[in-house]
Amino acid sequence: MTPPTETANKATSSHKTPHPPLNERILSSLTRKSVAAHPWHDLEIGPGAPMIFNCVVEISKGSKVKYELDKKTGMIKVDRVLYSSVVYPHNYGFIPRTLCEDNDPMDVLVIMQEPVLPGCFLRAKAIGLMPMIDQGEKDDKIIAVCADDPEYRHYTDINEFPPHRLAEIRRFFEDYKKNENKEVAVDDFLPASAAYEAIQHSMDLYADYIVESLRR
């Protein structure tokens, strides 16, 4: 005679539904669009925009590697190593949910104490605009400070910065493509009010062209 406990165990085991193999479960999870977020489209710009906004860092301060957003996947990719013997003077990235005439999000140079890893985002405060022409195309940059860095968060306008600091920024962008035989022209820096207008314009372009296309 079979012991009662053994009979119960057999009955229970006979009703168990086997799990699908591990590799099938992994493949199934990878098909869901909710697995990864796109930093350009899924990260909010922040309630304080256009003055204070989220910024996704692509390139760390002190880096000679030109990282940039891969717009299709949302990942940060290596575009190239800079041809000139220069490094990025400050953290560099983009503002989510913005769009410029070059079909890229708005670029930002964030002045702060420490380098930030590519792919991280931080709160930035716009203090000025650097008008720039890259190979004949408009490619303006927002100059900002980290809103959560106690050394720099009190700055409100680019005119408060030492002239030498601004000269360093200008020289970097004028020189970093020279060995690629590409021409970059940097105009005079503009105040914070111009930066707010540029960011708002890029927010409006994003709403017009990106959001409307997603609704179709």
Side-chain angles (χ1 to χ4, degrees), residues 37-63 67-69 71 74-76 88-132 138-163 165-166 168-170 172-173 186-212 214:
H38 197 297
W40 184 11
H41 305 300
D42 296 333
L43 178 64
E44 294 184 359
I45 191 171
M51 297 180 183
I52 297 177
F53 50 85
N54 286 326
C55 169
V56 178
V57 174
E58 296 169 289
I59 306 169
S60 302
K61 172 184 177 181
S63 175
Y67 300 95
E68 66 178 33
L69 174 73
K71 291 186 283 188
M75 298 183 69
I76 303 294
Y88 275 78
H90 302 285
N91 294 306
Y92 181 85
F94 65 89
I95 306 176
R97 300 188 184 181
T98 61
L99 181 67
C100 297
E101 286 80 358
D102 60 359
N103 292 320
D104 289 335
M106 175 66 78
D107 296 323
V108 189
L109 191 73
V110 184
I111 301 172
M112 57 189 297
Q113 297 182 68
E114 299 294 330
V116 174
L117 293 174
C120 294
F121 74 93
L122 53 81
R123 289 196 319 136
K125 179 168 70 171
I127 62 167
L129 179 71
M130 185 181 72
M132 193 173 107
K138 183 179 178 182
D139 193 17
D140 296 350
K141 315 292 184 187
I142 300 296
I143 307 297
V145 294
C146 178
D148 298 300
D149 186 329
E151 184 171 334
Y152 290 100
R153 66 186 179 190
H154 66 280
Y155 285 98
T156 59
D157 195 273
I158 200 165
N159 293 324
E160 300 168 2
F161 264 89
R165 176 63 60 86
L166 302 181
E168 287 180 329
I169 294 172
R170 175 195 291 271
F172 169 77
F173 284 101
V186 179
D187 207 341
D188 292 337
F189 291 89
L190 298 177
S193 58
Y196 303 154
E197 291 177 7
I199 294 170
Q200 185 62 58
H201 179 63
S202 68
M203 293 166 63
D204 295 340
L205 280 181
Y206 182 90
D208 290 342
Y209 295 104
I210 301 296
V211 175
E212 288 302 321
L214 293 175

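None of these values were measured; they are calculated from a predicted model.
Side-chain contact between Asp140 and Pro131: present, with at least one pair of heavy atoms (C-beta onward) separated by less than 4.5 Å. The shortest distance between side-chain heavy atoms of Pro39 and Leu69 falls below 4.5 Å. No side-chain heavy atom of Tyr155 sits less than 4.5 Å from a side-chain heavy atom of Ile111. Between Phe53 and Val108 the shortest side-chain heavy-atom distance falls below 4.5 Å.
Of the possible donor and acceptor atoms, none in the side chain of Asn54 sits under 3.5 Å from a partner among the backbone N and O of Ala49. Judged purely by atom type and a 3.5 angstrom limit, Asn91 uses its side chain to pair as donor or acceptor with the backbone of Val116. With Asp157 contributing its side chain and Pro191 its backbone, the two residues share no donor-acceptor pair below 3.5 Å. A donor-acceptor contact shorter than 3.5 Å links the side chain of Arg97 to the backbone of Asp42. Using a distance-only test at 3.5 Å, with no hydrogens or angles considered, a donor-acceptor pair links the side chain of Arg170 to the main chain of Val186. For the pair His38 (side chain) and Lys71 (backbone), a donor-acceptor distance under 3.5 Å is present.
Ring geometry, Tyr206 versus Trp40: the interplanar angle falls from 30° to 60°, so the pair is classed tilted. Taking the six-membered ring where the residue is Trp, Phe173 and Tyr88 present perpendicular rings, their angle passing 60° and hence far from 30°.
Of all heavy-atom pairs spanning Pro50 and Ala126, the tightest one is O-CB, 4.2 Å. Heavy-atom minimum distance, Ala195 versus Gly128: CB-O, 3.3 Å. Taking every heavy atom of both residues into account, Tyr196 and Thr156 meet most closely at OH-O, 4.4 Å.
With rounding to the nearest 0.5 angstrom, the CG atom of Leu43 is 11.5 Å from the NE2 atom of His41. Here the OH-CD1 distance, from Tyr67 to Ile76, works out to 10.0 Å after rounding to the nearest 0.5 Å. Atom CE in Met130 sits 11.0 Å away from atom CG in Leu190 (nearest 0.5 Å). Interatomic distance, Asp102 CG to Lys138 NZ, rounded to the nearest 0.5 Å: 10.0 Å. Atom CZ of Phe94 is separated from atom SG of Cys55 by 8.0 Å, given to the nearest 0.5 angstrom. Atom-to-atom distance recorded for Cys146:SG and Ile52:CD1 is 10.5 Å, nearest 0.5 angstrom.
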Arg165 vs His90, side-chain contact (heavy atoms from CB on, under 4.5 Å): CA-CA, chis, key distance, verdict: CA-CA 11 Å; Arg165 176 63 60 86; His90 302 285; 3.6 Å; yes
Full working for side-chain contact (heavy atoms from CB on, under 4.5 Å) between Val145 and Glu151: CA-CA 9 Å; Val145 294; Glu151 184 171 334; over 6 Å; no
CA sep, side-chain torsions, deciding dist, call: Ile169, Phe189, side-chain contact (heavy atoms from CB on, under 4.5 Å): CA-CA 10 Å; Ile169 294 172; Phe189 291 89; 4.2 Å; yes
Working for side-chain hydrogen bond (donor to acceptor under 3.5 Å, both in side chains), residues Tyr92 and Lys141: CA-CA 10 Å; Tyr92 181 85; Lys141 315 292 184 187; 2.8 Å; yes
Leu122 vs Met112, side-chain contact (heavy atoms from CB on, under 4.5 Å): CA-CA, chis, key distance, verdict: CA-CA 11 Å; Leu122 53 81; Met112 57 189 297; 3.8 Å; yes
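Within 6.0 Å of CE on Met132 lie more than 12 heavy atoms contributed by other residues, nucleotides or ligands. In Phe121, the CZ atom is not crowded: 12 or fewer heavy atoms of neighbouring residues, nucleotides or ligands sit closer than 6.0 Å. The neighbour count for Gln113 CD, taken as heavy atoms of other residues, nucleotides or ligands under 6.0 Å away, is above 12.
Of the residues Ile45, Leu205, Thr98, the one that meets the side-chain contact (heavy atoms from CB on, under 4.5 Å) test with Met106 is Thr98.
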